[in-house]
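Please read the structure below before turning to the comments.
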Amino acid sequence: MIRLILRHAAIAPLALLAACLSAPAWADGPTLDRGDTAWMLTSTALVLLMTIPGLALFYGGMVRKMNVLATIMQSFAVTCLVTVLWMVIGYSIAFTEGNAFFGGLSRFFLAGMGTTAVNTLAPTIPESVYMCFQMTFAIITPALIAGSFADRMKFSALVWFMSLWLVLVYSPVAHMVWGPGGWLGSSGVLDYAGGTVVHINAGVAGLVCALVLGKRHGYPKVPFPPHNLVLTVIGASLLWVGWFGFNAGSAVAADVRAGMAMASTQIATAAAALAWMFAEWLVKGKPSLLGIASGAVAGLVAVTPASGFVLPSGALVIGIAAGVLCFFASTSLKNALGYDDSLDAFGVHAIGGIIGALLTGVFATMAVTGATDPVGWIDGHAGQVITQIKGIAVTIVYDAIVSLVILWVIDKTLGLRVSEDIEREGLDLGLHGEVVP
Amino acid sequence: MIRLILRHAAIAPLALLAACLSAPAWADGPTLDRGDTAWMLTSTALVLLMTIPGLALFYGGMVRKMNVLATIMQSFAVTCLVTVLWMVIGYSIAFTEGNAFFGGLSRFFLAGMGTTAVNTLAPTIPESVYMCFQMTFAIITPALIAGSFADRMKFSALVWFMSLWLVLVYSPVAHMVWGPGGWLGSSGVLDYAGGTVVHINAGVAGLVCALVLGKRHGYPKVPFPPHNLVLTVIGASLLWVGWFGFNAGSAVAADVRAGMAMASTQIATAAAALAWMFAEWLVKGKPSLLGIASGAVAGLVAVTPASGFVLPSGALVIGIAAGVLCFFASTSLKNALGYDDSLDAFGVHAIGGIIGALLTGVFATMAVTGATDPVGWIDGHAGQVITQIKGIAVTIVYDAIVSLVILWVIDKTLGLRVSEDIEREGLDLGLHGEVVP
Amino acid sequence: MIRLILRHAAIAPLALLAACLSAPAWADGPTLDRGDTAWMLTSTALVLLMTIPGLALFYGGMVRKMNVLATIMQSFAVTCLVTVLWMVIGYSIAFTEGNAFFGGLSRFFLAGMGTTAVNTLAPTIPESVYMCFQMTFAIITPALIAGSFADRMKFSALVWFMSLWLVLVYSPVAHMVWGPGGWLGSSGVLDYAGGTVVHINAGVAGLVCALVLGKRHGYPKVPFPPHNLVLTVIGASLLWVGWFGFNAGSAVAADVRAGMAMASTQIATAAAALAWMFAEWLVKGKPSLLGIASGAVAGLVAVTPASGFVLPSGALVIGIAAGVLCFFASTSLKNALGYDDSLDAFGVHAIGGIIGALLTGVFATMAVTGATDPVGWIDGHAGQVITQIKGIAVTIVYDAIVSLVILWVIDKTLGLRVSEDIEREGLDLGLHGEVVP
Amino acid sequence: MKLVMAIIKPFKLDEVREALTALGVQGLTVTEARGFGRQKGHTEIYRGAEYAVNFVPKIKLEIAVSNDLVERVVDTILKTAATGRIGDGKIFVFDMMQAVRIRTGDRNEEAL
Amino acid sequence: MKLVMAIIKPFKLDEVREALTALGVQGLTVTEARGFGRQKGHTEIYRGAEYAVNFVPKIKLEIAVSNDLVERVVDTILKTAATGRIGDGKIFVFDMMQAVRIRTGDRNEEAL
Amino acid sequence: MKLVMAIIKPFKLDEVREALTALGVQGLTVTEARGFGRQKGHTEIYRGAEYAVNFVPKIKLEIAVSNDLVERVVDTILKTAATGRIGDGKIFVFDMMQAVRIRTGDRNEEAL
Ligand SMILES: Nc1ncnc2c1ncn2[C@@H]1O[C@H](COP(=O)(O)OP(=O)(O)O)[C@@H](O)[C@H]1O
Ligand SMILES: Nc1ncnc2c1ncn2[C@@H]1O[C@H](COP(=O)(O)OP(=O)(O)O)[C@@H](O)[C@H]1O
Ligand SMILES: Nc1ncnc2c1ncn2[C@@H]1O[C@H](COP(=O)(O)OP(=O)(O)O)[C@@H](O)[C@H]1O
């Protein structure tokens, strides 16, 4: 979503002023706009579609058949858990006034979120819609982590880990970057739709999980081929389509900025998909469907922080960089370092997120934001790249430490991994008593 | 969709007034709002998505492989049949002026539904959009029934049953609850998006079908395990996402009420999914994917009548109640009574719908509707619960009797059930000449 | 999308005038409408959904299992290729000022498409949104062609063919019909959402491909049964849902015209699906799922050029005609003539498109367009049918010749077909090194 | 020892297995198969193209038994798998030279 | 009686079945199998990880025949299933002690 | 010649195949099977209905070998396929009368 700070500094006051002047006299109150509301209701549906069934299928197709239901269950259960936790406390921590690190408790159990409530971060839509929209971001982020420890985590451990992570990592980081008075946002870090908050955050937590849980039995000697790439491509496609809600929805309005974000998203995604595909074709001899789909996701990830800040040409460069670099991260780098990030939560989301966050510092421009001062390096403001590095570094360090602590506690109490028998016979049967015959 | 009566009594006059005052001078006519229209076009697409492919997959994944195409065919064919019948006569019966039970024939073959037509139930959008939106409700309702008689009904019998049921049951019930001058709506029954009209209606008809058609051969001795829960979860996920169009779309506007309906929907659904999952974990020892997905659908069903009337906290309670009670209805109750409601059309939709309709009477509140008089029990108006019971009872009785008559006539003429051979070899091949190898 | 010429001649000036008068003072500039923008952002997402995963699955389910990934890869790769080419040059050729056949280069690499850009063809939304919306049309059209040569084209040949075809055929034809000053549009050819530009264009190119590449080994003696009609129906359903963005989105506004287009689309689709189903039931003895789904697609195709021009009753007739005639084209006609149009790109898209384009000339009416002069034959203007024939003929001839040349060049250089071994062992493994086990 | 191979209709599997267990058979192995014989296949139609499927789904059972059990096993299958309609299947009996239980290395009758 | 087991390339199935029918064979049973032998498998690549698949899809035919037909059945398979390329498969012949038709209880030659 | 049929746990397939190759076995054929025996199946639960699955996934190997290799083949399988837990499977040995290589028409030992 939009960094309000910057928006304020530039186009927003005008918009607000205009909104006040035009003052359509709806019963909703003077500032709500039904076009914006229509788009944000739609965006919320689109972003939910990304997790269920999008991500569930993207991941589900990549595991072996005996684990497909358990993998899908992870996304589905996270969706439900986060919804309730977000209502209870997450939204309040992330998006209400508090200090530079945490919000307050004014929206505990959504208290006071009645028909007249509006969050100043989204002045033209009902707060209920903004809360739901943000909820879908809070849902997909922990769900992404699960790609790193596929095939081996206990379901009970997952329930605890995801719940704690949402409250202790996601919500505070969202507050720091996007929340009112958040530390990183105030420092000028640019993150349009979640390069740091969502992707680096999820990818780094994923790496920590992969390292703490250890490799799957037999990895890397035994191969773990995807059991059904049709599911994976359905998932990748729904991620792509839903991402319009993610990025263009982060304008929190049906305006020009949303349009630019949509165009950037589409272009970077296609460019990254082709870049990965051609890189693989060159290096491995064949262009693969898993490759082009993975490239598309890498592009979506990388353009996320940049989408409402860059021109289409900038998006093209970001896409190509993400496609090529994530290809190497998910193949050569992973093999060289030897960790078992099973479905490349780190290789795609953390690496793609870092590329995107850095290049946002390069390509963000007044031509899109409407700011009067230079924004990114391309405008002559090289310092923005440094600011971006700060945002990346803080997210990585905070996330890694807290994730490690949570995992450690669960490991010492419940235990993190399933038994070797369940790992061999399949999580579907072992954890959930179901199979796909 | 919204009960206009109540709306009139409360927030609507204001809105209408405001709409007139602000009078945007579009060529569309003075009262149309493009934000509302955008959201209702989108909602229509979302609700269609619920039936095809949503419900088709939700049901298709639960049957045995040899019946998957026939099951999907049911949803698809119902979509086509109802579309044409709705255009011919259904919409006119349900949503035009008539008496307390049936509408008139003024929109027979959609006569007069040109570019200037507006239905007073949806004053800010073109009537063509309202007709399409309502059509998607008319589509999913009969399609839901098919879950109860999976694996055994003749396709020709289904075509006749669904057509007659739409005209003789769905359209009149929709008129009674939502239509202009409809009996139940005027009596104060609250049904925001279709707890009675859609879910109780479909679920009860389903039970009647299950009883009249009888059990599948071998039931319950022979097990009928779902052949592919991946399909079922894709279906459940699309139902969930599409349900935003169903519930938030029932505001017929992109306004605060739509936002509150969306929030309630999301919260109740997640709560019900978790409630079913934990109940199953406790009782059966393992949390299952089919369980959490069934719980989500139960929650969606239960929050349907309540969505635009209750606060998030009310939605949370509704969700938990629906998850736990539908779990018992679809497992213990069904087994105890011994009917073969194959995919739990009754256990989830009728039971969930009843829970929702009752709790709407409890949790509906002025805080959401903007009414000046107390709405539900929580506002101090306990009588609303009685009114709700009346709505439930009338729907059940009317529906059960007419469904029974329709089934009886078809049974005596065409016959309802496929031959035992087709039942054993699979409906896909026997009825449609196709298989999934 | 709407033919602006006609729109200008009728309702548009009023709308523009009104828009100017009401002049909402958004910061976006005086003419942008957030309701329209919301709907067009949504429509863009819906139309993308049609290709990935919609068309990918529709086609993927119909081929044999060993080719499913390669078939899906075609849709996915075309999506990526066209996105980049559209950004580079396609949009500029199609939708900027130039001559009667080609646009100019003013939007080369989307130069100048900043935050204030508006295309006069879509005056109430940001140009970035219009460009993205049109991009999704440019994506699906070449992707449709691939149905005709399933199971046998080299991937490298496909990359070249699709890229050249987009630039040399699609973009100019789009300009001629829809572009500013385009020849066919100026001559009065009516094509609301792409009967000629998309469907006849894709279908005819498909036939040329099928003829040039030749039959699959063994065709028609060896049967090629679809490996998974579940995928095909998911695809057909997503095509249907997404088509609301295609047709109602072609109003480029959330207005009455969009509503009428949505209603026509829904009705024609259902009618065509039933018509195909009943025709098959009569002729072959069983109604099939592939049949009803194919009929739905035929109806969607046929109503495409007509959607914003006809009344619901006209749509009903168009649907029935398309269902019956495409059924015969894809079965009897294809068998009689002996070409191997594997997935009926010609039989459904070209034939359906031609039926739709002709009947648009018959049923287009002032009652929907708001024009003051008669529009179609039904209004008394029989000459419109002649004009429609001209549009069809020009598209067919231009498309066939240029497609033939492109294929000839690729055949002489790269070669078009895979080796017989790869054809037998499967394209998934042979071209992409992947399989669905 | 003998190996009894039976080709039966899929929906008879559970019944046959239960009857054999009652008889004292301790184990068996099952494979999905397709059969061609007197029983006709079916016709599928896809976009008007008719496609004759000559093979019918069958289940193949393989049961290693000691010599004295063979006849009773054959009779039991004969009784439980028969429906009297074409396509009920066949029973074939083969001589078996050796049997080994992998877990223990037990040989022959011990291994069954 | 003998049981002829043939392992062939999948795309040869229909041709072989037709040839055998022409010869008078009344029935046979087919199973999907995977073969390992001189014919190489293939390599799949997923996110850069190469994965050697050593097994090749094959079809296993089992045909119970009377003694006098055996040689002609073997020859027919040999002729129709051969492509001359590595991996064409094998034919194995076994002695069969008993055959029973489940539907009728017919024994031996009668049962085939 | 003999045909060795082994029923093993699926995850042991690669290990067994490698050991047999090391021994000089040139080919074998594999089929997916389901086994019933001392090893218990499992219970699945769908909407509260418990569903006992009595069959356990197994892999069936068929290896045609010359007489002198038989014992070593059996021993090798015995060693590599064993885990010591119930359900490790069985090895059955049959006499084989003829073997033919389809590609060349080679007979018997030549054909293996
Ligand atoms: N000669 C044979 N060899 C192997 N299997 C056979 C043979 N004949 C029949 N079968 C198997 O037995 C099944 C039933 O045979 P079929 O001729 O259809 O009916 P029936 O046994 O009732 O006469 C076939 O589908 C096939 O699997
Ligand atoms: N000794 C064997 N025992 C059982 N099956 C075998 C044996 N050798 C080969 N096969 C089967 O025959 C198939 C073809 O054998 P292969 O060695 O690849 O080619 P060819 O028979 O042409 O020399 C193998 O894939 C396998 O299924
Ligand atoms: N008599 C038999 N005939 C054929 N297959 C058998 C027989 N007994 C066991 N099997 C196969 O061997 C497998 C293992 O047998 P089981 O009794 O479970 O364990 P174990 O061999 O360790 O005692 C079974 O799943 C089945 O496939």
Side-chain angles (χ1 to χ4, degrees), chain A residues 58-59 61-64 147 150 215-216 218-229 232-233 236 276-277 279-295 297-298 323-324 326-336 338 340-348 351, chain E residues 3-17 27-64 81-90 92 94 99-103:
Chain A
F58 184 66
Y59 280 172
M62 273 192 269
V63 299
R64 285 158 302 159
K215 303 174 192 182
R216 287 167 292 180
Y219 182 89
K221 226 197 102 232
V222 177
F224 299 94
H227 89 287
N228 191 348
L229 290 178
T232 296
V233 184
W276 184 309
M277 180 184 90
E280 193 182 34
W281 204 339
L282 228 80
V283 176
K284 295 286 175 185
K286 280 178 184 165
S288 76
L289 182 57
L290 180 58
I292 197 171
S294 306
V297 175
V324 173
C326 289
F327 168 66
F328 284 107
S330 304
T331 56
S332 320
L333 180 71
K334 181 168 75 168
N335 291 341
D340 181 12
D341 174 14
S342 312
L343 312 179
D344 295 306
F346 178 77
V348 171
I351 301 293
Chain E
L3 185 90
V4 179
M5 177 195 290
I7 301 177
I8 63 171
K9 291 189 167 164
F11 75 98
K12 283 290 188 180
L13 174 59
D14 276 321
E15 215 171 313
V16 171
R17 183 187 54 75
L28 51 83
T29 301
V30 166
T31 331
E32 317 267 329
R34 290 178 290 150
F36 174 76
R38 281 159 196 83
Q39 183 187 1
K40 289 286 142 279
H42 62 261
T43 304
E44 299 169 17
I45 308 180
Y46 298 104
R47 291 232 175 120
E50 308 205 5
Y51 165 33
V53 176
N54 297 302
F55 290 97
V56 183
K58 297 285 167 197
I59 285 286
K60 185 167 86 175
L61 298 176
E62 284 165 311
I63 316 148
T83 66
R85 298 168 67 181
I86 289 180
D88 277 350
K90 313 279 174 187
F92 303 133
F94 303 90
V100 190
R101 184 195 309 281
I102 293 175
R103 170 165 52 97

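In what follows, chains carry the letters A, B, and so on, assigned in the order in which the sequence lines appear, proteins first and then strands, with residues in each chain numbered from 1.
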Work out which heavy atom in [X] is nearest to a heavy atom in [Y]; give both atom names and the distance.
X	Y	value
Met5(E)	Glu62(E)	CE-OE2, 3.9 Å
Gly347(A)	Cys326(A)	O-SG, 3.7 Å
Ile59(E)	Pro10(E)	CG1-CA, 3.6 Å

ask   = Do any N or O atoms from the side chain of Asp88(E) and from the backbone of Thr83(E) form a donor-acceptor pair under 3.5 angstrom?
value = yes
Counterpart residues, side-chain contact (heavy atoms from CB on, under 4.5 Å), relative to [X] (two or more places apart):
X	answer
Ala279(A)	Phe327(A)
Ala329(A)	Leu333(A), Ile351(A)
Lys90(E)	Arg38(E), Phe92(E), Arg101(F)

Which side chain or backbone donor-acceptor pairs connect chain E with chain A at less than 3.5 Å?
unit_1	atom_1	unit_2	atom_2	d
Arg47(E)	NE	Ser294(A)	OG	2.9
Arg47(E)	NH1	Leu343(A)	O	3.0
Arg47(E)	NH1	Asp344(A)	OD2	2.8
Arg47(E)	NH2	Ser294(A)	OG	3.0
Gly48(E)	O	Lys284(A)	NZ	3.4

note = Highest number of heavy-atom pairs under 4.5 Å with chain E among Pro226(A), Pro220(A), Gly291(A) belongs to Pro226(A)
query = With a 4.5 angstrom heavy-atom cut-off, which part of Leu289(A) approaches chain E: side chain, backbone, both or neither?
reply = neither
